[in-house]
Participant: 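Pasting a structure below so you can have a look.
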2 protein chains.
Amino acid sequence: MNDSNDFNDEVLKLSNQLCFAAYSTALAFNSVYKPLLDGLGLTYPQYLAMLVLWERDDRAVKDIGQALHLDSGTLTPLLKRLEAAGLVVRTRSREDERQVRITLTPAGRALREKAKAVPPRILAACDLSAPKMLELKDQLVALRDQLTASLD
Amino acid sequence: MNDSNDFNDEVLKLSNQLCFAAYSTALAFNSVYKPLLDGLGLTYPQYLAMLVLWERDDRAVKDIGQALHLDSGTLTPLLKRLEAAGLVVRTRSREDERQVRITLTPAGRALREKAKAVPPRILAACDLSAPKMLELKDQLVALRDQLTASLD
DNA sequence: TGTAATTCAATTGCGCGCAATACAATTGCA
DNA sequence: TGCAATTGTATTGCGCGCAATTGAATTACA
């Protein structure tokens, strides 16, 4: 009886510990990215937005939001800052005036080259083999999607 | 040559993907915790602080910060909010007047019972076996510590 | 002992994240 | 066609996270 209660307690604690592990790992990643991204004049969420736009630009805010799991409350000011920095242009779509389409400026496109210095540094900081990284990434994505699905 | 370049590119992308996976999983966890913690009147970081204090209170701000990987810039206002909510008391230490010691109020201690409803819900939302959770947690903690160590 | 260095907490400023709300454009449907 | 429902973006407000700075208390050590 004591044994099974202890076991139960441990499992319950584990859920708190797993969440804290994800939380603190995300913060640690941010600490590693920060000095690298400072050189690009970007924050980490801004870097994520640029990664998405480098793949394909002329996207609606909503589209970027779906890629990054962020809403307009976060993205609108972020994209305005990228625009103020001269990296993107925000234009009301002619076909659907509700949409604002985001396109890269030449400076925004040019930043991609400078940004190539970032991933090797992150890779080194992780000190993980490629298979281990892939496995961990896949497990996290599966957990994230399961958590999101659990919200109904 | 193309093969090895492609492979290299994939590995470099992987570091971005692993970080994004950690980032988005942490946000997803927060979304799951939020409705549960609303019932306690706590945010997730406040819940973390209470977890630490329920284990042992009469702690310095610095001590809590080390447990949560947070600094005084984050904790001072957070702890003031917990104090305003009547859950903790902040007192300048008599032995070392630089320190502010945090103790639980009866209401803060009492909240622990209500908080017991949280972990089972998180456990259910994760939909993972205990061994899988433990493995993932350990991998994340190892990665987090490696990332922190890489900052020199 | 006296002074410099260190430690601890608080404060300021900025950029997220997100809920709630607002508003205009578009869509759906009676 | 007309009107309600939906969609896309923006805005406001709040609580982090963290860098940078301040100021007071303590420690180290010359």
Side-chain angles (χ1 to χ4, degrees), chain A residues 20 23-35 37-38 40-50 59-66 68-85 88 90-102 144 148 151, chain B residues 20 23-35 37-38 40-50 59-66 68-85 88 90-102 144 148 151:
Chain A
F20 178 67
Y23 165 81
S24 55
T25 302
L27 295 185
F29 259 124
N30 197 49
S31 297
V32 174
Y33 270 98
K34 189 162 201 327
L37 295 180
D38 278 349
L40 308 181
L42 296 175
T43 64
Y44 179 66
Q46 289 168 7
Y47 172 69
L48 289 180
M50 293 302 289
R59 283 169 179 258
V61 174
K62 177 100 181 178
D63 187 19
I64 299 173
Q66 279 167 351
L68 303 184
H69 299 100
L70 295 174
D71 68 0
S72 73
T74 300
L75 282 176
T76 295
L78 184 154
L79 293 168
K80 281 187 174 179
R81 276 174 220 116
L82 291 182
E83 186 176 43
V88 307
R90 300 163 58 251
T91 323
R92 280 276 161 198
S93 166
R94 209 78 78 218
E95 309 95 58
D96 183 344
E97 297 236 342
R98 290 170 305 181
Q99 293 186 12
V100 168
R101 304 199 71 84
I102 312 297
R144 179 196 68 199
T148 303
L151 294 172
Chain B
F20 178 66
Y23 165 81
S24 54
T25 301
L27 295 185
F29 259 123
N30 199 46
S31 298
V32 174
Y33 270 98
K34 188 163 200 330
L37 295 181
D38 277 351
L40 308 181
L42 296 176
T43 64
Y44 179 66
Q46 288 169 8
Y47 173 69
L48 289 180
M50 292 302 289
R59 283 167 179 260
V61 174
K62 175 98 181 181
D63 186 20
I64 300 173
Q66 279 168 350
L68 303 184
H69 299 104
L70 295 174
D71 68 0
S72 73
T74 299
L75 283 176
T76 295
L78 184 155
L79 292 169
K80 282 187 175 178
R81 276 175 220 114
L82 291 182
E83 186 175 43
V88 306
R90 300 162 59 251
T91 321
R92 280 277 162 200
S93 166
R94 210 77 77 217
E95 308 94 60
D96 183 343
E97 296 236 341
R98 291 171 304 180
Q99 293 185 11
V100 169
R101 304 198 71 85
I102 313 296
R144 179 197 69 198
T148 302
L151 294 172

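Each chain gets a letter, A, B and so on, in the order the sequences are listed, and its residues count up from 1. Computed from a prediction, not measured in an experiment: that's the story for all the values here. Any value given below was found using the heavy atoms of this structure, including those in side chains, with hydrogens, waters and symmetry copies removed.
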Participant: Tell me whether the OP1 or OP2 atom of C/dC14 has a side-chain N or O from A/R81 closer than 4.0 Å.
Facilitator: no
Participant: Does OP1 or OP2 of C/dC16 have a side-chain N or O of A/Q46 closer than 4.0 Å?
Facilitator: yes
Participant: Could you report the tightest heavy-atom contact between A/T148 and B/A28, atom names first, then the distance?
Facilitator: OG1-CB, 4.1 Å
Participant: Would you classify B/L75 as touching base, sugar-phosphate or nothing, given that sugar-phosphate means primed atoms plus P, OP1 and OP2, and contacts are heavy atoms under 4.0 Å?
Facilitator: nothing
Participant: Closer than 4.0 Å, any side-chain N/O of A/K80 to the OP1 or OP2 of D/dT11?
Facilitator: yes
Participant: Among D/dA10, C/dC16, D/dA25, which nucleotide sits nearest the side chain of B/D96?
Facilitator: D/dA25
Participant: Record whether the side chain of B/T76 comes under 3.5 Å of the base of C/dA9 through a donor-acceptor pair of N or O atoms.
Facilitator: no
Participant: Whether the side chain of A/R98 and the base of D/dT9 hold a donor-acceptor pair under 3.5 Å is what I'd like checked.
Facilitator: no
Participant: Nearest heavy atom decides the nucleotide; on that basis, is A/N30 or A/Q99 closer to the 5' end of DNA chain D?
Facilitator: A/Q99
Participant: Which nucleotide wins on minimum distance to the side chain of A/T74, given the candidates D/dA10, C/dT11, C/dC16?
Facilitator: C/dC16
Participant: When all nucleic acid strands are considered with a 4.0 Å heavy-atom cut-off, which category describes A/R90: base, sugar-phosphate, or nothing?
Facilitator: sugar-phosphate
Participant: Using only side-chain N and O atoms of A/Y23, determine if any of them is under 4.0 Å from OP1 or OP2 of D/dG17.
Facilitator: yes
Participant: Examine C/dG15: is either OP1 or OP2 under 4.0 Å from a nitrogen or oxygen in the side chain of A/T43? Give yes or no.
Facilitator: no
Participant: Please compare A/A60 and B/E97 by the position of their nearest nucleotide in DNA chain D and report the one closer to 5'.
Facilitator: A/A60
Participant: Ignoring backbone atoms, test whether A/K34 places a side-chain nitrogen or oxygen under 4.0 Å from the OP1 or OP2 oxygen of C/dC16.
Facilitator: no
Participant: By nearest atom, which of the nucleotides C/dG17, D/dG8, C/dA10 is closest to the B/S72 side chain?
Facilitator: C/dA10
Participant: If I take atom CZ in residue B/R92 and atom P in nucleotide C/dA10, what distance separates them, rounded to the nearest angstrom?
Facilitator: 5 Å
Participant: Could you go through A/Y44 and B/Y23, starting from their C-alpha distance and side-chain angles, then the distance that decides it, and tell me whether this counts as ring-ring contact (aromatic ring centres under 6.0 Å, His included)?
Facilitator: CA-CA 10 Å; A/Y44 179 66; B/Y23 165 81; 5.4 Å; yes
Participant: Would you check if the side chain of B/N30 reaches a backbone N or O of B/Y33 as a donor-acceptor pair within less than 3.5 Å?
Facilitator: no
